[in-house]
Amino acid sequence: MSIASAPTGTDETPGARRLADAFGTARGEGRAAFIPYVVAGYPDADSSVEIALAIADAGADILEVGLPYSDPLADGATLQRASQVALRAGASLEGSLRLIERIAAQRPGLPLVPMGYANQIIGGGDGETVMRRLASAGAAGIIVADLTPDEGGAFEAVARDVGMAVVYLVAPTTPPERRARVAARSGGFLYCVSLIGLTGARSALAPEVRDLVADVRSVSPVPVAVGFGISTPEHVAAIARADADGVVVASALVDALGEQGTDLAGVTTLAHALRGATGH
């Protein structure tokens, strides 16, 4: 199915409106939305709930929840390792759903956006079973890292039916005219990948990021959140100054948990510092 002939996306769903409200609140406070990432079940089920709540309370506007997977194609070394640890500790899709449910019950005002892969979420069908479970657990949206709008029409229909947003990604290599078409189909926000390659902490951001953010925002009808490689408060501040609507931080937070994944004080300190850097 081509993008042009596909349905209208998921930006009118209740989940998308929850995400839009979160971006609107941040914008009203003169800052970018802070979107931290946690790995469901890392280092174990109960600890991951504690970590998620601590990061949420450090000022998250939206929480991205990575669903552990055996072949995470877009994840760098840190997230791959965390996913493998979680799987060895017994993590499963069922366990991830319970985690999302627990977070949603304890922080009902926080929009949750799971991130996974097509084989996990959609499998050989249209994804209805998993999406109904995610919506029931309290998820506002979903990021399927290896799903494009060209192949997403049927999945979007399911998402609309359950009231969730499907968040798509664009990258530096996405042609400008395609960015506009993808943005038009993204629900809640558009995820702008800041670099070419895998996610992971970086010492410096590419100098082209400011131009990339400006170009993507100019064609997007939904807020634009920037992620991949954003590791420090200085990075967050630079993305905020580039007028991104939101900043996603993943690997650096997982790294801050330490080798055993249990340094709650360390990850909380970093989360507070990252959140504090979101002002324009």
Side-chain angles (χ1 to χ4, degrees), residues 19 22-39 42 48 50-66 74-79 81-82 107 110-113 115 143 169 172 189-214 216-217 223-259 261-280:
L19 294 167
F23 282 101
T25 296
R27 191 178 306 114
E29 296 174 356
R31 59 180 180 82
F34 176 42
I35 309 174
Y37 176 106
V38 297
V39 178
Y42 177 74
S48 68
E50 187 178 11
I51 290 163
L53 296 178
I55 291 176
D57 292 345
D61 295 288
I62 296 165
L63 185 66
E64 188 179 344
V65 181
D75 293 351
T78 292
L79 299 187
R81 183 185 68 82
R107 300 295 183 273
L110 179 65
L112 305 178
V113 180
M115 194 284 279
I143 299 169
L169 296 88
F189 66 99
L190 178 66
Y191 194 129
C192 178
V193 175
S194 70
L195 51 84
I196 299 171
L198 304 177
T199 186
R202 299 292 197 279
S203 59
L205 295 177
E208 306 83 27
V209 169
R210 176 179 287 274
D211 290 341
L212 173 66
V213 173
V216 172
R217 285 193 79 235
V224 174
V226 180
F228 279 50
I230 299 171
S231 311
T232 67
E234 291 75 20
H235 292 171
V236 170
I239 296 297
R241 287 195 300 270
D243 287 331
D245 299 291
V247 186
V248 183
V249 182
S251 296
L253 287 166
V254 176
D255 284 336
L257 286 165
E259 188 66 27
T262 55
D263 189 351
L264 195 62
V267 77
T268 302
T269 296
L270 178 59
H272 276 291
L274 294 166
R275 170 62 170 74
T278 56
H280 292 182

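Values below: all heavy atoms of this structure, side chains included; hydrogens, waters and symmetry mates excluded.
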Item to complete: State whether the side chain of Thr278 and the backbone N or O of Arg275 hold a donor-acceptor pair below 3.5 Å, judged by distance alone.
Response: yes
Practice prompt. Check whether any side-chain heavy atom of Val249 sits under 4.5 Å from a side-chain heavy atom of Pro36, and report yes or no.
Written response: no
Discussion item. Using the salt bridge (Lys or Arg N to Asp or Glu O under 4.0 Å) criterion, which residues pair with Asp57? Sequence neighbours excluded.
Written reply: Arg107
Worksheet, complete the sentence: Heavy atoms of Pro233 and Leu274 approach each other most closely as N-CD2, 3.7 Å
Worksheet entry | Qualifying residue, where the test is side chain to side chain contact (heavy atoms under 4.5 Å, CB included) with Leu253 and the options are Val38, Ile51, Val267 | Val267
Worksheet entry | With sequence neighbours excluded, residues passing side chain to side chain contact (heavy atoms under 4.5 Å, CB included) with Glu50 | Leu264
Practice prompt. Quick one: pull up CG in Leu169 and CZ in Phe228 and give me the separation to the nearest 0.5 Å.
Written response: 6.5 Å
Worksheet entry | Note, Met115 side chain near Tyr191 side chain (heavy atom, < 4.5 Å) | no
Discussion item. Let me confirm one number: the OG-CG distance from Ser231 to Asp255, rounded to the nearest 0.5 Å.
Written reply: 8.0 Å
Worksheet entry | Phe23: partners by ring pair (Phe, Tyr, Trp, His ring centres under 6.0 Å), with sequence neighbours left out | Phe189
Worksheet, complete the sentence: Nearest heavy-atom approach of Leu79 to Ala250 is CD1-CB, 4.2 Å
Discussion item. Return the CZ to CZ distance between Arg210 and Arg241, rounded to the nearest 0.5 Å.
Written reply: 7.0 Å
Worksheet item: Closest heavy-atom contact between Thr78 and Ser251?
Response: CG2-O, 3.7 Å
Worksheet entry | Taking every non-hydrogen atom, the tightest pair across Pro111 and Asp61 | CD-O, 3.3 Å
Worksheet item: Roughly how far, to the nearest 0.5 Å, is CD1 of Ile35 from CG of Leu63?
Response: 10.0 Å
Worksheet item: So, for Val193 and Leu212, which heavy atoms are closest and what is the spacing to 0.1 Å?
Response: O-CD2, 3.6 Å
Practice prompt. Please list, chain by chain and in numerical order, all residues satisfying salt bridge (Lys or Arg N to Asp or Glu O under 4.0 Å) with Asp245, sequence neighbours excluded.
Written response: Arg27, Arg217
Worksheet item: Below 4.5 Å, heavy atoms only, C-beta onward: do Ile230 and Val236 meet side chain to side chain?
Response: yes
Worksheet, complete the sentence: Applying side chain to side chain contact (heavy atoms under 4.5 Å, CB included) to Ala82 and not counting sequence neighbours gives Val39, Tyr42, Val254
Discussion item. Give me the atom names and distance for the closest heavy-atom approach of Ile62 to Ala22.
Written reply: CG1-CB, 3.8 Å
Worksheet item: Thr269: what forms a side chain to side chain contact (heavy atoms under 4.5 Å, CB included) with it, not counting sequence neighbours?
Response: none
